[in-house]
Structure formats: C-alpha cells, structure tokens
K.L.:
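Following this message is one structure expressed as structure tokens.
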Amino acid sequence: MKKYTSFFRLRFAMGLSYRAAAWAAVSTQFAWGVMEIAMFQAFYQAEPERFPMTLEAAVSYVWLQQAFLALFAAWMLEAEVFESIKDGNIAYEMCRPMKIYPMLFVRALAMRVSRAALRFGPVLLVASLLPGAYGLRAPQGIDRFCLFLGAMILGVLVTVAFGTLVYGITFFTISPEGLRLLVTSAMDFFNGAIIPLPFFPDEMRKVMEVLPFAAMQNVPLRVYSGDLAGAAAARAVILQLVWLAVLVAAGRIVMARAERKLTVQGG
Amino acid sequence: MRDGIFLYGHYVSVQIKSMMQYKKSFMLAVMGQFLTSFNTFLGMFFMFQRFSAVGGFTYSQVVLCFGIFLMAFTLAECVARGFDTFSSIVRKGEFDRVMVRPRGLVLQVLGSRFELSRIGRMLQAVVMFIYGMRTSGICWDMPRVMTVVFMVAGGAVLFFGIFLAGAALCFFTLESLEIVNIFTYGAREFGTYPVGVYGKHILRFCTFVVPYGLVQYYPLLFLLGKREEVWRMFAPLLAAVFVVPCYGLWRVGVRRYQSAGS
Amino acid sequence: MIMMNDICKSYHVAKRNAGFKEACRALFCREYETIKALDRVSFTIADGEMVGYIGPNGAGKSSTIKILSGILTPDGGACLVNGRTPWKERVDHVRDIGVVFGQRTQLWWDVPVIDSYDLLKDIYSISKETYKHNLEELTELLDLKELLKTPARQLSLGQRMRCEIGASLLHGPKLLFLDEPTIGLDAVSKLAVREFILRQNEEHGTTVILTTHDMQDIEALTRRIILIGKGRVLMDGSLEDIRRGGGNIDQTVARLYRDYDI
C-alpha cells in the first residue's frame, strides 16, 4: 500500500508544479461560470415555470462545477497514457513492482486531485462573494454538507474508475485516439457537463440517471443545493456505490486480460 | 502583396501534404472537431426542448445565429492556427527560424500552421446556417444577404485579431495563456446565443471591449427584421477595426522578444 | 565583413528557488536578477574567413549568433554586417545569411526534402535559374540525389544535416552560421560535412562562423579562433596560439578556461 501512496504523492507534486497556470485557470473558470449563469438566468426569465430546478440550485451547480472542474472533466483522460498504450511504452511501467490497475488508478486520481486543489479555493471564495443571483450560497445544514462531501468523493472515484476502465479497453482497440474522442464527448454529454441532467426531457433523463455517467458530478453538485435530497439522494448515492464496485471490478478484469496480452505478445 | 498570397498558398499546400501523411489522425481530428461543437449544439437543442424562447429568440433564430458565428470562428481558426499554437512555436525555437527568413513575420507564422481538420466543424456550421436560414422566416433581400456576408467576414477578422493578440501575449508570458481561451473557445461556446441574451453588462462588454456584439447581436436583429436601422448591417465592418490594436500589441511583443530573448 | 564593437547584452531572469514554500511565494511575487550575457564584445571578421567561435555552455555564444543574425537587439554597442545593422534591417540582412542550428530542423518534417527546398525558393524569392544552378551543385557536392525524395523525418541524423546545410545555402548567402553542425554525427558524416564546408569556403568565398564543442571541427576547418567566456572575448588568435600551450587542443582549451576562471 505504501508504494501506492508515495506514487500518489509524486504525481500530486507533479500536478502542483503547474502552479503558474493556476491563476490563469482560476480566472478562466470564473469567467466561464459567470457566462453560464447568465445563460441559465436568461432561460429562467423567459419561462420560470419550465425551469426544472431553483435558480439558486443552478447557480451553485455551475460554481461547484467550475471549482472542481479538474475532478470530473472528461478531458482529464490523459493523452499521454493513451499514447504509451499505443506505442507499447506502457510495458516499461509494468517493470515496476506495482500492479498496473492500481497504478493507473492512483495516477489519475493524483492528477485530478492536485489540479483541483490549486483551483477550487479561489473560485469558491470569489463565487461566494458575488452579489445577488450570481453568488454561491453557503451549504444549508451540516448533514447535507456531509452528504455532499461523501457524494463528491464517490463521484471522483467513479470518474477515475471509469477512466481506468477506458485505459484498459484501449489495449484492445485499433485506434486509441478515436476511442478517447468518443468517450470524452459521451462523458461530457451524459454526466451533465454541458447542461445539468434535470434540463433533459423526462423520458431521457430517467435513462440517463441510471447510467454510470450520472454517478459522477451529477450527484454531489445537486446534493449541495438540495435539488437532490431525501430518498432520491439516498438512491443516487447507493447507485454511485454500485457503479464504483462494478467499474472497478470490470476495470480489473479488463486490465488483467490486457496484462496477459502484453506479456504474451511482448507489447 | 500578390507574391505574399502566392507564398501563403505554397505554405498551405505543404501543410496539406504533410497532413495527408497521417490520414487516420486527420480523420479523427475532423471527427473530434465535429463532436465538440456538436455537443454544444445538443446542449442548446435540449434547452429548447423545454423552453420555447430565450431573450425573445426562438430555436430557429438561435440556430441561425450559432451557424453564422461558428462559420466566422472556424474560418479564423483554420487560418490563424499558427497564432493559436504560438506558445509552442516560441518554445520550440521555431520563431527564431522565422526571424532569419526574409519575409513578414505574420505571414510566416500563418503559413506555419493550417488546420484543414476544422472542416468537420465548418460542415456543422453550414448545416445549421442553412436550417436557420430556411426556418427563421426571414424575407431574403440584398441587404440581408450582405449582412450575413459581413457578419461572417467581420467575425472572422475579429477572431483573427483575438488569436493574434493571444499570440502576442506569448512574448510576455508563456504560462498564463489559458485566459485567452475565454475569448476564443469560450466565445465559440457562448456565442451560441445572441449576446444580448446574457444581460446588459455582458452586452456592454461585448460592444465596447471585445466587440462580439457588433458581428453577432446587432446585425442579427436587423437580419431577423426585429430592427430596421441600416447601421446594423455595417456594424461587423466596425468590429474588424479590432484587429488594429491587436496588431499593435503584436509589434510591441516582437520588439520585446528581440530585446529580451527567449 | 562583420564588425562588432563593444556589444553588450544582459537578461533579466526570474529567480527560482527550490522548495515548496519558495514556490508558493513565487505565486505572488518574483525576484529578478540581471545576467550579463555579453560584456563589450568586439571583433572584426573579413570576407571569406572561417572562424571558430568557442566557449563553454552559457558563455554567450548563442547570444552573439542571435545578434549577428538579427534575432536579438543588443543593449549597447555597434554591429555591422556587410554594411547593415542586422536588427534594424532584418529582412535585407537575412537574405544574405544562412543559419544552421544543429539541434533544430529548418525542413518541413513530413514532406520530401525537395518540397521544403521548393518552398524555400519562394520564401527567399530565388530566381528560377539561380535555384536550378544552386540545387544542382548542392545535390552533387552533398550527395543529396536519393535524399531529396525522402521525407525529412525518415532521414538519419547525418543525412538530415547534409540536407539542412543544403537548405541554408540555396539562396547563395555570403555568410554562413553553423551552430554545432556535427553534433551527434557518425565519423563518415562528420568528415563529409567538414569537407563540404571547406570547399564551399574555397570556391564561393563564403564567410563561415562556426560554434562547436568538437575540437576536431575546429582543427579541420578554422585558422582563426575566438574564445569567449562569461560574455567576454578572452582570446582571438590562431590555432597555433592555442596549440602553444602544448598537449592536445581539448586540454589547452580546458586550461584556458581554468586560467580565466570561467
């Protein structure tokens, strides 16, 4: 276990070294958030009765999404990993005394957490200071906040587990870049990165909510504002646990196959 | 001038020839470009499944607006890709090579990258434009046709200027360039809707600071017949003036590069 | 003719200290220090001379080359190359020079070398006759015939260097800068490159300035050597002056470095 934690620390420090870019990222995310909220507000003003959540919930959804972008963003699937799988350099990684699945898992986790660690503070701070409808409200109630934290941790783990499964599948495809393209745009669409799931038509939303993509950012971002609460929230968190278990199991199986394939063919 | 255009054509032909060495990744890039914009489209499409209008604009009208804006952006991106990737040109020392050749710097940088793969996005933009054009109930006459031409051309020049300014910033810092993305890729995303929709503060910003409004919102109102003032038709030409300060910044940057080294 | 008179150049460099705490502080403020890259450098090089410009890493070699090729503007001092100040009349100046950076390519990576040459013809506006003549001559002397049809990325290092040198001589420059032209080459390619440079100098009277760490290059090619260290010219003399120290040339240079404490 210790080797994985030190591997995590190494990758974490690597992520932190992009600190100069962090300022720029914070301003970018801030501007992005303002624009997104302005858009939701425009729709809200046009037909408030058709707005599927409170405006306040939409605002907090946007700010949390921007603050924790690196945790859930689809483009954080590392092109570098795809590249090394394609040209076979991943075999070198396998010389280290680590299992490949936990290694890739830890690597992706460290990268996401380190990127987000530098960014979320300033974005949240500024967002909470904004006046009127644009501002981020403090969490209502300690229990809801705890649920939010739990759902967030699960959401990140599901995102990482899904990503690692994709890495595994990459070993069996002819075109890693193609796979990466399809997966990232599907992820963006289904996990609520483009518009939050409640905005989709009901029939569609019902299907989308049971997909693994909904177990990523969708749950924590909506739990925070209470848009997802009570029994529905409990169901969503349980679904997160289920998907996490399924994705990890599937990832390990696929990766074990891939490992065997690599050793047989010599990469 | 003619010589310059001829040389640019030669650059482009070499770029295309290079790209054709990697047909598979070219096709993937085309698909990728298509998918990112298509996701933006889907976001808007599903919003309109729920809402019937935003800021007084219907679905067809927004599709038309998005189509025109995306055409302008894609044209600029196709041509000005050298500026968009300028930080890597500086970092790799390619810019030193540009300096030791007896030609204009802008021309050489433009010639160093040409992104044909943007046709994936262009195709989408054209399809949206045609759909919007036919369904948004515009009675097409000469002034409206001219307005569309001006919107695309003025928008392309505006984005060209932004890419140029972004490249100029590379001379000062290589690290905090993500901000420029707000004005290029961010604008591409949020330019889906007419900028007037975002409220008066943002509209003011998009009029006087970075004049997206002049190539999109104001002429669009004229195009849709919501307003009749003729100046709206020519507003995009005014926006093109934005490229002048951008070029100034570029010149300052080049001078700094010459005195500070890389 | 090249004349450099009291050229000075210093850079401001952001201080970077190790450690997490320092790194966090750097987020908010930065300290700068001034580094003198060139400190009153003067020399004159006549037409047709071959000069070895040597010195340890960071001595100011590449700053000098950048100033002479018009990329960098010095802080003070005068510099004339064929009667022009390089950084003031960049375009006219670079028409007359050829630059080979040993570590970087000037060829377009994915297309056959001949396509790169054709593009260079247009960039330098070389007339058809001159181009044909120069290309034929270079093809023969550098043995490029087979290589011209090959994309640059498929060439070996030695083959590529021959093509690079060819590319920088297509427009018949009077002055050639070679920055480590033999780095990483095998013995056969090294000899071929050296032989070609000698011939070029003899037959066309091309002035050659060579920076290198390879003392055999210096012995084979140059009669005059300028040794630079810490931004100052430490010695300007002949190969014999260096040899006078006895022993082989590497040792002599190493001792000179020690004597001058650089």
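Any value given below was found using the heavy atoms of this structure, including those in side chains, with hydrogens, waters and symmetry copies removed. Per chain, numbering begins at 1; letters A, B, ... match sequence-line order.
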K.L.:
Do you know which two heavy atoms are closest between B:Ser18 and C:Val111, and how far apart they sit?
P.N.:
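Heavy atoms of B:Ser18 and C:Val111 come nearest at OG-CG1, 3.4 Å.
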K.L.:
Compare every heavy atom of C:Arg153 with every heavy atom of B:Gln21, then report the nearest pair and how far apart it is.
P.N.:
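Taking every non-hydrogen atom into account, OE1-NH2, 2.5 Å.
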K.L.:
Ignoring hydrogens, what is the shortest heavy-atom contact between B:Asp96 and C:Arg104? Give both atom names and the distance.
P.N.:
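Taking B:Asp96 first and C:Arg104 second, the nearest heavy atoms are OD2-NH1, 3.8 Å.
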K.L.:
Between chain C and each of B:Val14, B:Leu7, B:Val100, count heavy-atom pairs under 4.5 Å; write down the option with the most.
P.N.:
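Most heavy-atom pairs under 4.5 Å with chain C: B:Val100.
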K.L.:
When heavy-atom pairs shorter than 4.5 Å are enumerated against chain C, which of B:Lys92, B:Lys17, B:Arg255 gives the highest number?
P.N.:
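Highest number of heavy-atom pairs under 4.5 Å: B:Lys17.
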K.L.:
Is it the backbone or the side chain of C:Asp118 that comes under 4.5 Å from a heavy atom of chain B, or both, or neither?
P.N.:
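Interface part for C:Asp118: both.
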K.L.:
Working to the nearest 0.5 angstrom, can you tell me the gap between B:Met99 CE and C:His93 NE2?
P.N.:
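Here the rounded value is 10.5 Å.
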K.L.:
Between B:Arg101 and C:Leu120, is there a donor-acceptor pair closer than 3.5 Å when you use the side chain of the first and the backbone of the second?
P.N.:
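Judged by distance alone, no pair lies under 3.5 Å.
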K.L.:
Of the backbone (N, CA, C, O) and the side chain (C-beta and beyond), which part of B:Gln15 lies under 4.5 Å from a heavy atom of chain C, both, or neither?
P.N.:
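The side chain, not the backbone.
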K.L.:
Where does C:Ile67 contact chain B at under 4.5 Å (heavy atoms): side chain, backbone, both or neither?
P.N.:
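It is neither, since no heavy atom gets under 4.5 Å.
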K.L.:
After noting the C-alpha distance and the side-chain angles of C:Ile71 and B:Phe95, does the key distance pass the side chain to side chain contact (heavy atoms under 4.5 Å, CB included) rule?
P.N.:
CA-CA 9 Å; C:Ile71 297 172; B:Phe95 194 64; over 6 Å; no
K.L.:
Kindly give the heavy-atom pair with the smallest separation between C:Trp87 and B:Gln258, and that separation in Å.
P.N.:
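Taking C:Trp87 first and B:Gln258 second, the nearest heavy atoms are O-NE2, 4.3 Å.
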K.L.:
Tell me, out of C:Ser125, C:Pro74, C:Pro86, C:Ser63, who's got the most heavy-atom pairs with chain B below 4.5 Å.
P.N.:
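The answer is C:Ser125.
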K.L.:
In terms of heavy-atom proximity below 4.5 Å to chain C, should B:Leu105 be classed as side chain, backbone, both, or neither?
P.N.:
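When you check distances to chain C, atoms from both the backbone and side chain of B:Leu105 fall under 4.5 Å.
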K.L.:
Tell me, side chain or backbone of B:Val254 under 4.5 Å from chain C's heavy atoms, or both, or neither?
P.N.:
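B:Val254 has no heavy atom closer than 4.5 Å to chain C.
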K.L.:
For the atom pair CE (B:Met19) and CG (C:Asp110), what is the distance rounded to the nearest 0.5 Å?
P.N.:
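Going from the CE atom of B:Met19 to the CG atom of C:Asp110 covers 10.0 Å.
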K.L.:
Is it true that atom NZ of C:Lys88 has more than 12 heavy atoms of other residues, nucleotides or ligands lying nearer than 6.0 Å?
P.N.:
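No - once you tally the heavy atoms of other residues, nucleotides and ligands closer than 6.0 Å, there are 12 at most.
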K.L.:
Tell me, side chain or backbone of C:Arg90 under 4.5 Å from chain B's heavy atoms, or both, or neither?
P.N.:
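Side chain of C:Arg90 only, per the 4.5 Å heavy-atom cut-off to chain B.
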K.L.:
With a cut-off of 6.0 Å (strictly less than), are more than 12 heavy atoms of other residues, nucleotides or ligands near CE of B:Met27?
P.N.:
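No - once you tally the heavy atoms of other residues, nucleotides and ligands closer than 6.0 Å, there are 12 at most.
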K.L.:
Which heavy atom in C:Ile123 sits nearest to a heavy atom in B:Arg103, and how many Å separate them?
P.N.:
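Taking every non-hydrogen atom into account, O-NE, 3.0 Å.
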K.L.:
Need one label for B:Phe6: side chain, backbone, both or neither, based on atoms under 4.5 Å from any heavy atom in chain C.
P.N.:
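It is the side chain, since no backbone atom gets that close.
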K.L.:
If you count heavy atoms of other groups shown closer than 6.0 angstrom to CZ of C:Arg232, is the number above 12?
P.N.:
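Not buried by this count: 12 neighbours or fewer within 6.0 Å.
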